[in-house]
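These notes concern the structure reproduced below.
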Amino acid sequence: MNKTNYKQTKYNKPFIMQRADPYVYRHLDGTYFFTASVPEYDRIILRKSDTLDGVVQAEEVTIWRKHEKGIMSVHIWAPEIHYVDNKWFIYFAGGDIDDIWAIRPYVLMCEGDDPLKDDWKEMGMLEPKDAFSFQDFSLDMTVFENMGEWYCVWAEKVSVGKKISNLYIARMDSPTSLATKQVLLTSPDYEWERVDFWVNEGPAVVHHDGKIYLTYSASATGECYCMGMLSIEETKDLLDPRAWKKERYPVLKTDAERGIYGPGHNSFVKSEDGKEDIMIYHARPYDEIIGDPLYDPNRHAYRMHIKWDEQGRPIFDYCNNY
């Protein structure tokens, strides 16, 4: 198919080109910070702007580069920037050039006021509380606060026959360490989570009206990539997997009519006035990929205006008026 032969609107036009796994954080002063995976998978970048629109043209600064050997030397993926305990932290995944799929979660810390200009310090791998977390392919770590406690959710592969990627959750006792053992949150149970690979990954959290909604991505990274969702009341025990509700069907998937293929790996951020929820996600503008989809550079960052239905549930709709 012609890769550009579809009708573009402001709903399906890429927000930022060739930036996958996009993460946007809105700071206490209203400043927006943007980071994402770059096609070369070799560095971590940051942009900042007073407005979300301004992120598009904002200067992009490389704040860290991969090692030449050993850990963190290949496949630098899915960075997220967070502000915890008056410090900046970036959580990201990286492999070892001698074992490229030995992907593990790592942490950078910046104690300065400006994360684009001030120094970043490597804090190593996130410290687990048990002997089995981060022992295999582990990535897509996100952290969030609820009821005064911080939690971490990440994807990790396990193998009992076929290797599958599950989502796990743990409570944190510091920005660089877990306080509890991992709890299995969700596995790829349904057919739409098992296309080519059995995958749950890319968790993202949004709070609304006393509930937590956790979206995640499923299946391989081509056209079949899509988004599922879990939800829980904020007052429930987040470490009790039975307290979470999992949606039977994907909440967002490919829309060929609008030229949006393989939507997923999203984040949520508030609008400038703090009243609207906006989802930042990645997708491709075509479905015919030559070679491994993982190395196709054209996963672009898109955005979607989230509306809420009468039950307080998010509506993921490409037609939402942004």
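In what follows, every heavy atom counts, from backbone to side chain, and hydrogens, waters and symmetry copies are set aside.
- Between the side chain of E145 and the main chain of G148, a donor-acceptor pair closer than 3.5 Å is present.
- Shown here are the side chain to side chain donor-acceptor pair (under 3.5 Å) partners of S219, two or more places apart in sequence or in another chain: there are none.
- Inter-residue side-chain proximity for Y106 and E122 is flagged as unmet; no heavy-atom pair is nearer than 4.5 Å.
- Residues K275 and D273 are not paired through a salt bridge, judged by the lack of any N-O separation under 4.0 Å between the basic side chain and the carboxylate.
- For D255, the side chain to side chain contact (heavy atoms under 4.5 Å, CB included) partners at least two apart in sequence or on another chain are E257, R258, Y318.
- Around the CG atom of D113, the shell of radius 6.0 Å holds no more than 12 heavy atoms that belong to other residues, nucleotides or ligands.
- Judged by distance alone, the side chain of S165 and the main-chain N or O of N200 form a donor-acceptor pair under 3.5 Å.
- Environment of NZ in K162: crowded, with over 12 heavy atoms of neighbouring residues, nucleotides or ligands closer than 6.0 Å.
- A 6.0 Å sphere centred on CD of E191 holds more than 12 heavy atoms belonging to other residues, nucleotides or ligands.
- Between the side chain of S37 and the backbone N or O of A78 there is at least one donor-acceptor pair closer than 3.5 Å.
- The neighbour count for K253 NZ, taken as heavy atoms of other residues, nucleotides or ligands under 6.0 Å away, does not exceed 12.
- A search for side chain to side chain contact (heavy atoms under 4.5 Å, CB included) contacts involving L184 returns N166, Y168, S187, not counting sequence neighbours.
- Few gaps surround CG on D292; more than 12 heavy atoms of other groups in view lie less than 6.0 Å from it.
- The closest donor-acceptor contact from the side chain of D140 to the backbone of G202 lies under 3.5 Å.
- Relative to the ring axis of Y190, R248 places its NZ or CZ within 45° and under 6.0 Å from the centre.
- With sequence neighbours excluded, the residues forming a side chain to side chain donor-acceptor pair (under 3.5 Å) with R47 are E60, listed by chain and number.
- Here D114 pairs with K48 in a salt bridge; the nearest charged N to carboxylate O distance falls below 4.0 Å.
- The side chain to side chain donor-acceptor pair (under 3.5 Å) test with S133 is passed by exactly one of E127, K181, Q182: Q182.
- Here Y83 and H27 bring their ring centres to under 6.0 angstrom of each other.
- Residues Y281 and H265 place their aromatic rings such that the two centres sit no closer than 6.0 Å.
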Given side chain to side chain contact (heavy atoms under 4.5 Å, CB included), test T142 with Y151 step by step and report yes or no. CA-CA 8 Å; T142 193; Y151 295 85; over 6 Å; no

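- Under 3.5 Å, the side chains of Y302 and H300 contain no donor-acceptor pair of N or O atoms.
- In this structure, a donor-acceptor pair under 3.5 Å is present between the side chains of D277 and W308.
- Considering only residues two or more places apart in sequence or on other chains, E40 meets the side chain to side chain donor-acceptor pair (under 3.5 Å) condition with R43.
- In this structure, a donor-acceptor pair under 3.5 Å is absent between the side chains of D50 and Y32.
- Side-chain atoms of S49 do not come within 3.5 Å of backbone N or O of L52 as any donor-acceptor pair.
- For the ring pair (Phe, Tyr, Trp, His ring centres under 6.0 Å) with W154, the lone residue among F92, F137, F134 that qualifies is F134.
- A salt bridge is absent between D96 and R104: the closest approach of a Lys/Arg side-chain nitrogen to an acidic carboxylate oxygen does not fall below 4.0 angstrom.
- Between W192 and Y216, the ring planes are parallel. Angles under 30° get that label, and only those over 60° would be called perpendicular.
- Taking a cutoff of 4.0 Å between a charged side-chain nitrogen and a carboxylate oxygen, K246 and D189 qualify as a salt bridge.
- E234 and H207 share a side-chain donor-acceptor pair at under 3.5 Å.
- Within a 6.0 Å sphere centred on NZ of K270, other residues, nucleotides and ligands contribute more than 12 heavy atoms.
- Electrostatic pairing of R284 and D296 counts as a salt bridge here, judged by a charged N lying under 4.0 Å from a carboxylate O.
- In this structure, the ring of W88 has its center no less than 6.0 angstrom from the ring center of H82.
- In summary, R313 and E247 engage in a salt bridge, as defined by a charged side-chain N under 4.0 Å from a carboxylate O.
- Residues in residues 220-253 take part in these ring pair (Phe, Tyr, Trp, His ring centres under 6.0 Å) pairs, two or more places apart or across chains: Y225-H282.
- A perpendicular orientation is assigned to the rings of Y41 and W77, their planes being inclined by more than 60° (bins at 30° and 60°).
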